[in-house]
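All figures in this text were calculated on a predicted structure; none of them were measured in a lab. Starting from 1, each residue takes its place in the sequence as its number.
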Amino acid sequence: RSLAEWTGSRKLLSMFLDVDCPKCYIYGEYSPVRSILDFLPREKTIMIKGSGHFPMIDNPDELYDVIESFIHDIR
């Protein structure tokens, strides 16, 4: 319940933006929350093709390749 409230109030977005470490926003191509991208101009954003809200189910190969690449790049 709190996650839904934090998302609606943009508290979760604020928490994400305030974290002082390398980060990226990963989202599905068909995800309904794509409007959030307007608030992430400085952040790295990565779209997972052919997926919606659950890229780990819809396109796990691409998702885990993206995560692996991101971790490798920040080392």
Nearest heavy atoms of Ile74 and Pro22, plus distance in Å: CG2-CB, 3.6 Å
Polar side-chain atom of Asn59 near backbone of Ser51 as donor-acceptor pair, under 3.5 Å: no
From CA spacing to verdict: side-chain contact (heavy atoms from CB on, under 4.5 Å), Ile67, Tyr64: CA-CA 5 Å; Ile67 293 171; Tyr64 296 121; 4.1 Å; yes
Leu12 with Val19, same ILVMFWY side-chain cluster at under 4.5 Å: no
Which atom of Gly50 lies closest to which atom of Glu29, heavy atoms considered: N-OE1, 2.7 Å
same_hphob_cluster(Leu13, Met47) at 4.5 Å side-chain heavy-atom cutoff: yes
Value rounded to 0.5 Å, distance of CE in Met15 from CG in Asp18: 9.0 Å
Rounded distance (nearest 0.5 Å) linking atom CE of Met56 with atom CD1 of Ile48: 10.5 Å
Backbone of Glu5 reached by a side-chain donor or acceptor of Ser9 within 3.5 Å: yes
Other residues, nucleotides, ligands: >12 heavy atoms within 6.0 Å of Lys23 NZ: yes
Point-to-point distance, once rounded to the nearest 0.5 Å, from CG of Leu63 to NZ of Lys49: 13.5 Å
Ile26 reachable from Ile57 in the ILVMFWY side-chain graph, under 4.5 Å edges: yes
Steps toward side-chain contact (heavy atoms from CB on, under 4.5 Å) verdict (Ile36, Thr7): CA-CA 10 Å; Ile36 200 76; Thr7 302; over 6 Å; no
Atom CD of Glu68: over 12 foreign heavy atoms under 6.0 Å: no
Single-linkage hydrophobic cluster Tyr25~Ile46, side-chain heavy atoms < 4.5 angstrom: no
Reported CD-to-CZ distance for the pair Glu43 and Phe16, which is rounded to 0.5 angstrom: 5.0 Å
Cluster check Tyr27, Phe39: I/L/V/M/F/W/Y, side chain < 4.5 angstrom: yes
